[in-house]
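Encoded as structure tokens, the structure appears first; notes follow it.
None of the values given here were measured: they were computed from a predicted structure. Every heavy atom of this structure was used, including side-chain atoms; hydrogens, water molecules and symmetry mates were not. We name chains A, B, ... by the order of the sequence lines, and we start the count at 1 in each one.
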Amino acid sequence: MPDLGSAYDPQKIEEKWQKRWAEARVFESEADPSKSKYYVLEMLPYPSGTLHMGHMRNYTIGDVVARVKRMRGFNVMHPMGWDAFGLPAENAAIKNNTHPREWTNKNIAEFQRALRRFGFSYDWRREISTCEPEYYRWNQWFFLRMLERGLAYRKKSRVNWCPKCCTVLANEQVVNGGYCWRHEDTLVESREIEQWFLKTTAYADQLLDDLKQLEGGWPERVILMQRNWIGKSQGAKVKFVVADVAGAEPIEVLTTRIDTIYGATAVILAPGHPLLPKLLEGSPARAEADAKLAKMHQASVKTEDLATMEKEGLFTGRYAVNPFSGEKIPIWVGNFVLMEYGTGAIMAVPAHDQRDLEFCRKYGLPVRVVVEPLEGEPLIEEKMTAAFDEHHQGKLVNSGPYNGLSPEQAIAKMATFAEQKGFGRAETIFRLKDWGISRQRYWGTPIPVVYCLKDGMVAVPDKDLPVLLPPNPKLTGMGESPLASTPEFVNTTCPKCGGPARRETDTMDTFVDSSWYFYRYCDPHNDKGPYDSAKAAYWFPIDQYIGGITHAILHLLYSRFWCKVMRDLGLIKHNEPAARLFTQGMVQKGGVAMSKSRGNVVGAEDMAQKYGADTGRLYTLFAAPPEKDLEWSEESIEGSWRFLNRVYRLVERHAGGVRGQKNGSIDAATATAREKTLLRKVHQTLRRVTQDFETRWHFNSAIALIMELTNVIYLQEPLEKAVRPEVRGEVLELLTLMLAPMTPHLAEELWEMLGHTGGLWKASWPAFDEALTREDEVEIPVQVNGRLRGRVKAAVGTGGDEVEKQAQADSMIAPHLAGKSIVKRIFVPDKLLNLVVA
RNA sequence: GCCCGGGUGGCGGAAUGGCAGACGCUGAGGACUUAAAAUCCUCCGGGGAUUUUUCCUCAUGUGGGUUCGACUCCCACCCCGGGCACCA
């Protein structure tokens, strides 16, 4: 630590106050309906090794909020726990030949120590760890409730498969656009396997509609991202009859643009479409089909890869009949059409959809314009390189009886017509899919289901929960999933008939753990249920949830889904888990997010070792406003360290002279000029800092204001000469209180130095004195034609006429007015005068 | 590719329709000191004029627009970041 010749010793102070807080149980709270509650929560961390700056930033913001709310008199719940299941523990276990539990617990211990070191005000009695049976038992319990209600089901679904590892890969393990992370020469294949899903789509409408309830409390962009993710649109399903293939079912396509159906020049099927074998039977395309289809199947399952890969197609040799025009159009297979989405078949309208255009250009299929722009150049089919898809500014052409209609009108009419004729109908389409929760991994919650030869799939009864993970798995990262290769886990008896049965060997996605953990905090040791409803009713909804923008969609959407399911189970009454959400920006290094794989992680504890927790906390808050990304640089932390030393020396110097002096109402009328300057500055600062804490959370500018205040006090030194002790006391106490939420250890120490024995944790947030904030005189900038030409001084509240008179008399401004007449005057009292001259 | 953000001095950032660059870092100068560190004080966007005091002008990714007035609002473009359903 740099020696600044000061007595400020953060290591000593921080240890001292952390001990006192713990002894006084300052951060522990209980549900108490007679008190107004405040539930502030930061997203629980995955304990991945060391606490890095992203965590540190998240928890500092949350801690400031928790401490401010305590000072405001709320009964604050501020818990912390561990998202302890997941892939990295399993990878580490494979690599180091340890048990995932060992690795995880070691990391948790390290994380916990680091968090305690920073003085975050958690109620540690509520700590949870999602990998403990007492927690994951309730994941299983919820799963069974969803199974009973048809919200959990199995279906075939595609996974990434490495033929060398003979195992399922996570998307993260697919690298370089489709290769295995451990075998970089091996292309990942996609395989279909039977997997468990939760029916998020059953709540699609509610998930969308209830976003309205979150307006004002959640960032607009998060609401927007969720809305787009759910992706509700009005579309239609239309059946195309297959020509010349006996017994072939019609192909049902899904489209949001039925109005463009006269422009369809092909029908394109997903490579896995069930009708495909029948179409290819006896077709000239038969010969080349197998190889091509196999290649299409080999693609990664990542959306981003699907969206950017080269479009590949295969002509089936068959034709379909457009039910509107009667036209025969070719049936193709396309690698960009997904079986999982819609009906697994689309109609290609190249003139009005970019992907279709690219596909048709590649394979020489015709382009036909059926919507002309209302304004501008008409479209030329042969030359189009960009599809015209702006349906708000077009009218239909080449569309038989629908010519001249707007796309909106045509969509409605054509859907009705299709329905009347029985070959189609209007349909609401969601982009949202059901949530695939199956993982072929060890380190997760076992899915509580068994398969019996006689009774088929049987749910594990509640009384047999939890289904425990086997203690000694064989973890190799190769071959079948770890649970499947553990006979003592797999082999069991059927709960119904008692005969031999096999356990389900998939574990649950870790997003299950994080979807409801915040309810468990209310009642962390309940062994009768996930939590007590009365306790949840008191604490919920979360008043302020704080976490990374990176969780804007998945975690928050799954949590919202889980909340609605729990409501329908009768556990709670509210619709949404978090009333307010704050998304902090990322901490970056070298322009990208910190991550272990990039090797650019900056540990938070080093900072506390060097400068103390308070300097670290302050600097994290000062470096940028919390919602913005922050490029990490340690160079300027010295400034925060110097500032805290400045404050410490200031209070140290004057504490003796003010101790025991009554502070209370200060008579402004008898105050000296220097006293007035100080009192005005401190109350103005308090007003703005209060606003920043309450509304904008721009802690960086709040700190800047407090720094400015400190500079002003320094310039008034020596204070004891012209400033009465009670004024000095008032100024220093307010300074201390304003810092308290951000640098709590230092503030406690200063508070004690100023003569308070009770502990600052009992103090309230101070109120500013409006009368003391008032300025006597202001400087008003004067513009001529919008350009700054000078400034005039005037008493607060001076009228426009008077200010204009002064401006005209001002030697700087007058030349710009000479010989011209004022045609307009814009006057903002105490702020600005703009004279428009001609 | 799709969805969502961001772009202001050497650097982090302030100003959300009203004096662009608060506050801090870095740098320069001064005071204190035998000296250094620490501390305290002053200066610090570019160009030009006046060289004491100021004034003019350019400047908030690029190009347009709205307005008395735009970092702020609108349109188009460029660049950077995040998410894209098995990382969490």
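Classification of the A:Tyr517-A:Tyr545 ring pair by plane angle, with boundaries at 30° and 60°, yields tilted.
Residue A:His698 contributes atom NE2, which lies 17 Å from atom P of B:G12 at whole-angstrom precision. With rounding to whole Å, A:Met812 atom CE is found 6 Å from B:C55 atom C1'. Protein atom CG of A:Leu788 is 9 Å distant from nucleotide atom P of B:C19, rounded to whole Å. Atom P of nucleotide B:C23 and atom CG of A:Leu621 are separated by 20 Å, given to the nearest angstrom. A:Leu832 places its CG atom 10 Å from the P atom of B:A20, with the value rounded to the nearest Å. The CG-P distance, from A:Asp353 to B:G1, rounds to 15 Å in whole Å. Atom P of nucleotide B:C84 and atom CH2 of A:Trp229 are separated by 7 Å, given to the nearest angstrom. Put simply, CG on A:Leu198 is 17 Å from P on B:A85, counting in whole angstrom units.
A:Phe511 comes within 4.0 angstrom of a nucleotide base, judged by non-hydrogen atoms across all strands. Here A:Val159 lies in heavy-atom contact (under 4.0 Å) with a base. Counting non-hydrogen atoms under 4.0 angstrom, A:Arg431 reaches a base of the nucleic acid. Residue contacts for A:Leu224: at a heavy-atom cut-off of 4.0 Å it reaches the sugar-phosphate backbone alone, with no base atom in range. Residue-level contact check: A:Ser640 touches neither bases nor backbone, having no heavy atom under 4.0 Å from any strand. Backbone-only contact: A:Leu715 has heavy atoms under 4.0 Å from sugar-phosphate atoms and none from a base. Note on A:Glu708: only backbone sugar-phosphate atoms sit closer than 4.0 angstrom, heavy atoms only; bases stay farther off. As judged by a 4.0 angstrom heavy-atom cut-off over every strand, A:Pro625 is placed among residues touching the sugar-phosphate backbone only. Nucleic acid contact for A:Gly548: none, since no nucleic acid atom lies under 4.0 Å from a heavy atom of the residue. Within 4.0 Å of A:Ile826, counting heavy atoms only, lies at least one base atom of the nucleic acid. Among the protein residues, A:Gln195 comes within range of the nucleic acid bases, having at least one heavy atom under 4.0 Å from a base atom.
A:Thr303 has a side-chain polar atom (N or O) that falls below the 4.0 Å cut-off from OP1 or OP2 of B:A85. A:Thr510 has a side-chain polar atom (N or O) that falls below the 4.0 Å cut-off from OP1 or OP2 of B:A88. Regarding contacts with the backbone of B:C68, a side-chain N or O of A:Lys824 is found under 4.0 angstrom from either OP1 or OP2. Of the side-chain N and O atoms in A:Arg227, none sit less than 4.0 angstrom from OP1 or OP2 of B:C4. Contact annotation: A:Arg646 reaches the phosphate of B:C40 (side-chain N/O to OP1 or OP2, under 4.0 Å). Between A:Arg787 and B:C58 there is a side-chain polar atom (N or O) within less than 4.0 angstrom of OP1 or OP2.
Among the nucleotides B:G81, B:A88, B:C19, the one closest to any side-chain atom of A:Pro781 is B:C19. Nearest nucleotide to the side chain of A:Leu554, out of B:G18, B:U39, B:C84: B:C84. Proximity note for A:Asn160 (side chain, C-beta onward) versus B:A85, B:G5, B:C86: the nearest is B:C86.
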With side chain to side chain donor-acceptor pair (under 3.5 Å) as the criterion, how do A:Tyr558 and A:Asp509 come out once you've worked through the C-alpha distance, each side chain's angles and the decisive distance to 0.1 Å?
CA-CA 11 Å; A:Tyr558 294 146; A:Asp509 180 6; 5.2 Å; no
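With a cut-off of 3.5 Å on both pairing distances, the Watson-Crick or G-U wobble partner of B:A49 is B:U54. Both distances falling under 3.5 Å, in either a Watson-Crick or a G-U wobble arrangement, place B:C84 opposite B:G1. In a base pair of the Watson-Crick type (N1 to N3 plus N6-O4 or O6-N4) or a G-U wobble (N1-O2 and O6-N3), with each distance short of 3.5 Å, B:G24 is matched with B:C11. Nucleotide B:A35: unpaired (no Watson-Crick or G-U wobble partner with both distances less than 3.5 Å). Pairing for B:C73 is with B:G65, a Watson-Crick or G-U wobble pair whose two hydrogen-bonding atom distances lie under 3.5 Å.
Nucleotides B:A37 and B:A22 place their C1' atoms 30 Å apart, quoted to the nearest Å. To the nearest whole angstrom, the two C1' atoms, one in B:C19 and one in B:C40, are 30 Å apart. With P as the reference atom, B:A38 and B:G48 are 36 Å apart, rounded to whole Å. Using C1' as the reference atom, B:U8 and B:A70 are 14 Å apart when rounded to the nearest Å. Separating the C1' atom of B:G61 from that of B:C78 is a span of 7 Å, rounded to the nearest Å. Annotation: B:C32 and B:G13 have their P atoms spaced 39 Å apart (nearest Å).
When the nearest nucleotides of RNA chain B are assigned to A:Trp435 and A:Ala623 by heavy-atom distance, the more 5′-ward of the two goes with A:Ala623.
Among all heavy-atom pairs drawn from A:Arg560 and A:Leu214, the shortest one is NE-CD1, 3.8 Å.
Taking 3.5 Å as the limit, the base of B:C19 and the side chain of A:Gln783 contain no donor-acceptor pair of atoms between them.
The only member of A:Val168, A:Asn160, A:Asn91, A:Val188 that meets side-chain contact (heavy atoms from CB on, under 4.5 Å) when paired with A:Gln173 is A:Asn91. The only member of A:Thr445, A:Asp513, A:Leu198 that meets side-chain contact (heavy atoms from CB on, under 4.5 Å) when paired with A:Met508 is A:Thr445.
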Residues 43-54 of chain A, side-chain donor-acceptor partners within the protein, below 3.5 Å, at least two apart:
residue : atom : partner : partner atom : Å
A:Tyr46 : OH   : A:Ala89 : N            : 3.3
A:His52 : ND1  : A:Gly54 : N            : 2.9

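Nucleotide B:G9 is shown with a syn base, its glycosidic torsion being within 90° of 0.
Put simply, the side chain of A:Leu709 reaches to within 4.5 Å of the side chain of A:Met738, judged on heavy atoms.
The distance between the ring centers of A:Tyr611 and A:Tyr619 does not fall below 6.0 angstrom.
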